[in-house]
Enquirer: 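Got a structure for you, written out below as structure tokens; questions coming shortly.
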Amino acid sequence: MMKLRKNILHQLLLVVLLQAVFPFISTAQKITYSEAEREDGRRTDFEIIGKVGSNILIFKNNRNDNAISVYNNDMKLLERVKLDYLDDRWINVDFVPYSNHVWMVYQFQRRSIVYCMGVKLDQNAKRMSDPVELDTTRIGWAASNKLYTTIYSDDKQKIMVFKINNRNPKNFLFTTLLFNANMELQHKHHMNMPMEERNDYFTDFLVDNEGDMVFGKFQRKNGSDYISNLQLITKKGGEEKFNVRDLHQKDERVLDEVKIKIDNTNRRYLFSALYYKQKRGNVEGLYTVIWDKAADSVLKETMLAFNDDLRKQAKGPDANLRIAFNDYFISDIIIKRDGGYLLTAESMYTTSRGGTFNRWDYLYWNNPWSSPLDYSYWSPYYSPWRSPWNRYGGAAATRYHAENIMVLSFDKDENLQWSNVISKTQFDDETDALVSHSLMNTGGELHFLFNVYERRTLLLNDHSIGPDGKITRHPTLKNLERGVEFMPRLGKQISASSMVVPCQLRNYLTFAKIEF
């Protein structure tokens with residue numbers, strides 16, 4: 001008996017010593033899977049709402065069968081709540097999740113009227129209020145019926161629902177409805193915006209913590225080739241007008257898709273885009289402009305030319321350095337507290353029997369004219385430019401590629417602090433569901449999750465990058481079940497230390513919670 005006790009004490013002492021020397025042993029990722037539901041297949045539309053109360057909510061749509069699956073913290077299904085009050089002619093649904101409830105904003109059409117409704121749900125997806133009518137629109141037979149867009153601030157204290165009428169292509173009519181966190185209407189405004197037909201483009205639409213709407217508008221001259229004017233458009237929450245500010249460039253460059261990010265802490269707006277020196281040229285570098293909201297002026301404008309060292313990092317020393325960034329697209333911008341930021345860009349392209357992709361084929365698809373079905377209302381839902389994969393149609397036998405991820409760190413004065421590259425090679429045929437990556441921000445580091453084939457098995461890998469730019473390759477995630485294929489780029493972070501990732505299990509759709 002004494003010998004047995006000594007052995008146990010020695011084993012406990014060894015565990016303590018190992019944890020002191022190798023602390024990562026005690027912080028290994030934990031994966032918990034949900035069971036497949038017979039209603040959910042590969043064609044199921046879904047949205048991961050997030051963690052509400054002690055439960056995890058996921059919206060699912062199978063044709064016109066709408067439901068929210070309620071899971072506990074161990075991903076066990078508690079209830080599948082059918083949303084019977086969603087009309088059969090429902091159009092779209094958005095969610096604004098909070099710690100103990102969620103607002104669901106949905107649209108449906110009845111005859112020639114499109115209704116935009118809001119309803120408050122608890123952690124069990126049960127109604128806490130009756131559906132409230134937020135707005136209505138009468139439309140013609142040829143108009144798109146997906147009219148309303150819902151955006152909300154980082155602190156979720158401001159919710160904006162808006163629509164854009166483009167019946168007059170020279171003059172768009174915006175209608176904005178600003179709500180507080182209780183979905184109480186604060187302001188409803190109507191504003192006109194002059195447009196230059198087929199030459200005006202929009203960035204994403206955002207709302208800051210003060211309730212101000214912000215987006216970018218730019219033009220291309222000579223047949224959509226060169227940026228002629230990049231503008232910041234803002235609308236203060238309580239004002240019924242747009243404020244237009246020119247963001248002057250140092251010299252004219254061909255810009256790629258313009259990304260915008262709000263820095264609420266420092267009251268700044270950040271615009272970023274890859275740039276070229278000439279029409280159909282190679283990617284030369286990164287263009288950035290920072291707008292200071294307090295001073296109502298440009299704080300900083302920079303053109304960072306990618307040097308050979310960056311190009312070698314991006315593609316490797318043996319690659320053609322001139323074209324190293326031609327298949328890169330900006331994926332995420334993470335704002336630091338001091339006003340600096342991290343920018344990530346991923347190499348993504350397609351190949352087919354007809355040849356390799358050309359980014360110029362879909363460089364301009366984020367404009368208001370990209371939908372042939374939309375005759376009187378414009379909607380961001382019909383702007384297909386989000387990555388090189390979101391193309392209409394598509395060639396036969398298409399192969400989707402996702403390769404290296406470049407991470408750039410800038411200080412608050414726009415100086416490049418460091419750069420690094422997470423190396424990977426991914427491809428899949430006929431689908432992009434299993435390629436690319438998901439980003440998990442734990443505060444101290446960024447985790448990049450992506451699939452890699454190892455011995456003919458698709459395994460989920462985790463690489464993290466710290467504040468100093470050092471990359472850590474973590475051991476293969478534990479509890480990876482055979483036959484389960486992760487779709488990381490469709491995952492969502494639901495807390496400071498966990499995220500939910502959809503998975504394929506044979507022909508079923510399931511979900512996995514990953515804890516860091």
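Along the sequence shown, residues carry numbers from 1. Source: prediction; values computed, not measured.
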Enquirer: Would you compute the distance between atom OH of Tyr349 and atom CZ of Phe329 and round it to the nearest 0.5 angstrom?
Expert: 12.0 Å
Enquirer: Side chains of Val283 and Tyr328: closer than 4.5 Å at any heavy-atom pair?
Expert: no
Enquirer: With distance as the sole criterion, is a donor-acceptor pair present between the side chains of Asn166 and Asn168 under 3.5 Å?
Expert: no
Enquirer: Only counting residues at least two apart or in another chain, list the ones meeting side-chain contact (heavy atoms from CB on, under 4.5 Å) with Lys412.
Expert: Arg268
Enquirer: With no hydrogens and no angle check, just 3.5 Å: does a side-chain donor-acceptor pair link Ser331 and Glu346?
Expert: no
Enquirer: Between Ser438 and Met499, what is the shortest heavy-atom contact and its length?
Expert: OG-CE, 2.9 Å
Enquirer: Find the distance between CD1 (Ile514) and OG (Ser498) and round it off to the nearest 0.5 Å.
Expert: 10.0 Å
Enquirer: Would Ser409 and Lys336 count as a side-chain hydrogen bond (donor to acceptor under 3.5 Å, both in side chains) here? Give the steps.
Expert: CA-CA 10 Å; Ser409 176; Lys336 303 176 187 178; 2.7 Å; yes
Enquirer: So, the side chain of Asn282 versus the backbone of Ile323: is there a donor-acceptor pair under 3.5 Å, distance only?
Expert: no
Enquirer: Given Lys60 and Asp40, is the salt bridge (charged side-chain N to carboxylate O under 4.0 Å, His left out) satisfied, shown in steps?
Expert: CA-CA 8 Å; Lys60 299 172 183 178; Asp40 302 335; 2.8 Å; yes
Enquirer: What's the separation between atom CG in Leu304 and atom CG in Leu343, rounded to the nearest 0.5 Å?
Expert: 10.0 Å
Enquirer: Quickly, which of Asp256, Ile330, Leu310, Leu416 forms a side-chain contact (heavy atoms from CB on, under 4.5 Å) with Leu286? Name it, please.
Expert: Ile330
Enquirer: Are His189 and Thr176 close enough that a side-chain donor and a side-chain acceptor fall under 3.5 Å?
Expert: no
Enquirer: Is there a side-chain contact between Phe215 and Phe242 in this structure, where contact means two heavy atoms from C-beta onward sitting under 4.5 Å apart?
Expert: yes
Enquirer: Evaluate the criterion side chain to side chain contact (heavy atoms under 4.5 Å, CB included) for residue pair Leu185 and Leu177; output intermediate values, then yes/no.
Expert: CA-CA 7 Å; Leu185 182 63; Leu177 298 96; 4.0 Å; yes
Enquirer: Once you measure the plane-to-plane angle for Phe108 and Tyr115, does it fall in the parallel (<30°), tilted (30-60°) or perpendicular (>60°) bin?
Expert: parallel
Enquirer: For a salt bridge (charged side-chain N to carboxylate O under 4.0 Å, His left out) check, start with the C-alpha distance between Glu240 and Lys188, then their side-chain angles and the critical distance, and finish with the verdict.
Expert: CA-CA 8 Å; Glu240 196 166 19; Lys188 181 175 181 179; over 6 Å; no
Enquirer: Take the angle between the ring planes of Trp103 and His101 and call it parallel below 30°, perpendicular above 60°, tilted in between.
Expert: perpendicular
Enquirer: So, Tyr341 and Asp411: side-chain donor and acceptor under 3.5 Å apart, yes or no?
Expert: no
Enquirer: Which atom pair, heavy atoms only, marks the closest approach of Pro97 to Val102?
Expert: CA-CG2, 3.7 Å
Enquirer: Is there a side-chain contact between Ile260 and Leu206 in this structure, where contact means two heavy atoms from C-beta onward sitting under 4.5 Å apart?
Expert: yes
Enquirer: Quick one: side-chain hydrogen bond (donor to acceptor under 3.5 Å, both in side chains) partners of Ser419, sequence neighbours excluded?
Expert: Gln313
Enquirer: Within the 4.5 Å heavy-atom criterion, are Val105 and Met183 side-chain neighbours or not?
Expert: yes
Enquirer: Below 4.5 Å, heavy atoms only, C-beta onward: do Trp418 and Val407 meet side chain to side chain?
Expert: yes
Enquirer: Tell me, do Leu255 and Tyr287 make a side-chain contact under 4.5 Å, heavy atoms counted?
Expert: yes
Enquirer: Assess, by modelled atom type and distance only, whether the side chains of Glu445 and His447 contain a donor and an acceptor separated by less than 3.5 Å.
Expert: yes
Enquirer: Hey, does Phe486 have a side-chain heavy atom less than 4.5 Å from the side chain of Leu434?
Expert: no
Enquirer: Given Phe95, which partner from the list Tyr106, Tyr152, Phe46, Phe59 fulfils the ring-ring contact (aromatic ring centres under 6.0 Å, His included) test?
Expert: Phe59
Enquirer: Quick one: do the Thr137 and Lys163 side chains pair a donor with an acceptor below 3.5 Å?
Expert: yes
Enquirer: Which word best sums up how the rings of Phe174 and Phe162 line up, parallel for under 30°, tilted for 30 to 60°, or perpendicular for over 60°?
Expert: parallel
Enquirer: Does Gln123 offer a backbone N or O that forms a donor-acceptor pair with the side chain of Asn55 under 3.5 Å?
Expert: yes
Enquirer: So, Tyr148 versus Asp135: side-chain donor-acceptor pair below 3.5 Å or not?
Expert: yes
Enquirer: Hey, mind stepping through Gln231 and Asp246 against side-chain hydrogen bond (donor to acceptor under 3.5 Å, both in side chains) and telling me if it holds?
Expert: CA-CA 5 Å; Gln231 296 177 319; Asp246 289 328; 3.2 Å; yes
Enquirer: Could you report the tightest heavy-atom contact between Val119 and Asp130, atom names first, then the distance?
Expert: CG2-C, 4.4 Å
Enquirer: Please report the closest heavy-atom contact between Gly444 and Pro467, naming both atoms and the distance.
Expert: O-CD, 3.2 Å
Enquirer: Can you list the steps and then say if Lys259 with Asp204 is a salt bridge (charged side-chain N to carboxylate O under 4.0 Å, His left out)?
Expert: CA-CA 7 Å; Lys259 294 283 189 177; Asp204 288 333; 5.1 Å; no
Enquirer: What heavy-atom pair brings Val52 and Asn100 nearest, and what distance separates the two atoms?
Expert: CG1-C, 3.5 Å
Enquirer: For a side chain to side chain donor-acceptor pair (under 3.5 Å) with Asp154, tell me which candidate from Thr265, Asn264, Asn209 qualifies.
Expert: Asn264
Enquirer: Between Lys235 (side chain) and Glu239 (backbone), is there a donor-acceptor pair under 3.5 Å?
Expert: yes
Enquirer: Are any non-hydrogen side-chain atoms of Leu274 and Glu257 less than 4.5 angstrom apart?
Expert: no
Enquirer: Any side-chain donor-acceptor pair under 3.5 Å between Ser347 and Asn404?
Expert: no
Enquirer: Among all residues two or more places apart in sequence or in another chain, which pass the salt bridge (Lys or Arg N to Asp or Glu O under 4.0 Å) test with Lys293?
Expert: Asp208, Glu210, Asp212
Enquirer: Is there a side chain to side chain contact (heavy atoms under 4.5 Å, CB included) between Leu446 and Leu439 once you walk through the steps?
Expert: CA-CA 7 Å; Leu446 299 178; Leu439 179 64; 3.9 Å; yes
Enquirer: For the atom pair OG (Ser69) and CD1 (Ile48), what is the distance rounded to the nearest 0.5 Å?
Expert: 12.0 Å
Enquirer: Check this for me: Lys156, atom NZ, are more than 12 non-hydrogen atoms of other residues, nucleotides or ligands nearer than 6.0 Å?
Expert: yes
